[in-house]
Amino acid sequence: MDTTMINQQMPRWIWHPEREERLSCVLRRTFTTAHEIRQVSLHTACTGAMRVVLDGQLIAELAERPGNAGAFTRIELDALLPGEHELRLEMACSAIIPIYEVNYYLWNRRVGAIAFLQGEGLWLTTDEQWQADETAAAQICLLGEEPFGDLENSPPAFVAGGFGDIAAYELQEVQAMETASLEASVTGGTVRVSGFHGQDGALVKPEQAKLELFYHLRKQNEWKAMRQLQNDMKLDNASKVLVDLLAEHNCRFAVSNHGDQPVKLLWNGAESLMELERYDGCITEWLVIPPGETVYTLPQGCRYIQLYALGEQGTPFELELAFQSVHVALNQVGELQSEDAQLNEIFDVSAHTSRICHQIGLWDGIKRDRLNWTFDFYLAAKSCYFLWDDTKVIQRAVRELGVDTPSGHWMNGICEYTLWWLKTVCEYYVQTGDKSFVQEMKEPLQRHIEWVRKNTRPGEGLMEEDGILIEWVPLKQEERVVALQAIYALTHADLVKLSADMPELELEPLLDWPIKALTSADFLKEPYALAVKVLGIASGYVSAEAAEAFLDGYVLEDPITPLSAYQLAECYSRFGKHERAYDIISLVWGGMLKQGATTFWEAYTHGGGSEARDFHDALTTYTAYGSYRMSLCHSWSSTPVKWIGEVVLGVQPLEPGYKTVKVSPKPVGGIRACSGTVNTPHGAIQVRWHVDASGKVCTQVTAPPGVQVVEFSENQTV
């Protein structure tokens, strides 16, 4: 396949502009060939049924089935003679993508077709140049975007995604942990296995029963059905190898068959060995690799990959597997080097967690659903500003939820998620100073602020009481309601600042929000969850005196998540209690490291554990997930990077975009020397400090042009 051609134009999902209001339409494209084109094939996926007509001749018919939307179907064509040609995709659709509040921002993507026509020197893809009946076709979404996600039978180059910025990086080291009935050798990130088949078998992928809300829901249902079929196969004698990637990745691998017979490969992927053993929905995939060919898997979030090579018993096989980490190409600017090995590792693992969650959107985690979740990317973005030298993935997550969630709907169906989106835009501006992108969000900002206003009442604040989430630990409704008012007040304060800095957004007339009168006691009740208390402190509802009393007396206790733990650390630093903040970072994130974390988790229990512990079951605080749903990779848990940048390195913006900054490092945890960099829109700020013999903090700062350092004390006393 000509990769250059693919890079020029990825296919896009298209349909008639009336979308589901016109369930039958003809998608048509004319093109001209200057010479004969051989080895021609059409690859297509769609909602509904399709008749393929080329130059007036019916070439193929696809009956309507849900699985049409999840995989490219390959249709072989005769050679194309020189001249003008017309390709028609005659579409008829009766079932469309279901929409609920959680994915309502996809309301305009319920039908679609995607295709590419290729041959020797030919590359033609679906895009807006196609006709849909009597008008130009409309783009539904880009390749890889929800609700369709990754498509089975995709060419390897399609890993780049519709935005074209995702890359596959060869892993430098993996390990073969266990083998059965085969020999395995490992070189870097490549595993070679050979032997004689111990068992044969066949597995047919289950037929998809219905169109799903989004990609990963479809895959979860498929994996559960496949896993049951796998269990029924009783693979006790099969040739098997278990590969440890040594860290969690959004991993794909290439399988090359160096033998002379086809090999059937069944593989499972999981975040932990417990998940691999027990979770009935862990990744379960089936491949057939012809002799002399290489087949690529779709990328999935996992650390452990268990592979079964199946074929006629006693016949030889030889496979080579090359493992890759798939994510958006990012240049890391933020760095940390300190005397505290654990803090360095917390920084590095946070950066790894953030990096691999940069995909088509800023995913909450690579294991599970790939929707853009507003609160998750609000938290995940906090570390991104400090680490990476661009914010394109943040922008597209913000744009997708803000632009495509219509008035009258809360983002993701959760009322405070709209508030978190508004705060994300405000914090984006503070961190980047990017007025251009914020101005692009003017209409969505006004629209969502107005929807918030419509759900308020004087004296009572935000009235929406259904669909409040707040935190992933058990909360009573009275806790949710009071915490919601704190988020509401925090958001209003940020919007007032944004409006003052950018009056051209015309937000001021919309910000007459009624703020409910609450006191410290409303938030510090026992046994209210930690999340409620720290939100009360952050919003200013809890007085400084009451906040300090609570913080001084608080002892970390379960249930807790990295979400509320980080908010607690920020509260400590807000009151100058940086050692206490460091203790929280060390206990929670250091605790995950001690229990074998290679990415940071969705939940945590302070009560201890071991590497043999079933984290997915023990740490599932949000009961709607059920057992084994808890994720060991969650981008919101990368937040220590922000605290380290602002406190340990001491870099804080005093005006949007880091035009002026305050640099005031705080030695914590007994650290006597530290250096690092913090990303800014102008380039990296480099900070180096040490504590001298007299206890003074001696600091050196190198700032890029465009950044003025103020309020910088070169000789602080510890």
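Just so you know, these numbers use all the heavy atoms, side chains as well, and skip hydrogens, waters and symmetry mates.
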- Message: salt bridge (Lys or Arg N to Asp or Glu O under 4.0 Å), that's the test. Do K219 and D150 meet it? Break it down for me.
- Response: CA-CA 10 Å; K219 294 302 290 184; D150 291 341; over 6 Å; no
- Task: For the pair E207 and R65, evaluate salt bridge (Lys or Arg N to Asp or Glu O under 4.0 Å) and give the outcome as yes or no after the intermediate values.
- Result: CA-CA 9 Å; E207 182 69 22; R65 49 185 283 275; 2.7 Å; yes
- Decide side chain to side chain donor-acceptor pair (under 3.5 Å) for E101 and H409; before the verdict, give the C-alpha distance in whole Å, the side-chain angles of both, and the deciding distance to 0.1 Å. CA-CA 7 Å; E101 287 300 314; H409 297 269; 3.0 Å; yes
- Candidate pair Q313 and D200, rule side chain to side chain donor-acceptor pair (under 3.5 Å), full reasoning: CA-CA 6 Å; Q313 190 170 1; D200 201 355; over 6 Å; no
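In this structure, R88 and L27 have side chains that are not in contact, with every pair of non-hydrogen atoms separated by 4.5 Å or more.
The pair K224-E222 does not count as a salt bridge, with every side-chain nitrogen at least 4.0 angstrom from each carboxylate oxygen.
Donor-acceptor pairing under 3.5 Å is lacking for the side chains of S239 and Q199. Side-chain contact of N268 with Q306: a donor-acceptor pair under 3.5 Å is present, judged by distance alone. A side-chain donor from one of E212 and N221 sits under 3.5 Å from a side-chain acceptor of the other.
One N or O on the side chain of R109 and one on the backbone of E146 form a donor-acceptor pair closer than 3.5 Å. Of the possible polar contacts, none joining the S635 side chain to the C357 backbone as a donor-acceptor pair under 3.5 Å is found. Judged by distance alone, the side chain of Q220 and the main-chain N or O of H216 form no donor-acceptor pair under 3.5 Å.
W267 pairs in a ring pair (Phe, Tyr, Trp, His ring centres under 6.0 Å) with only one of the listed residues (Y308, W223, F253, W286), which is F253. The side-chain hydrogen bond (donor to acceptor under 3.5 Å, both in side chains) with N412 is formed by just one residue from the set T374, D376, N103; it is T374.
The environment of CD in E170 is crowded: more than 12 heavy-atom neighbours from other residues, nucleotides or ligands sit within 6.0 Å. Annotation: E183, atom CD; neighbour count of heavy atoms from other residues, nucleotides and ligands within 6.0 Å does not exceed 12.
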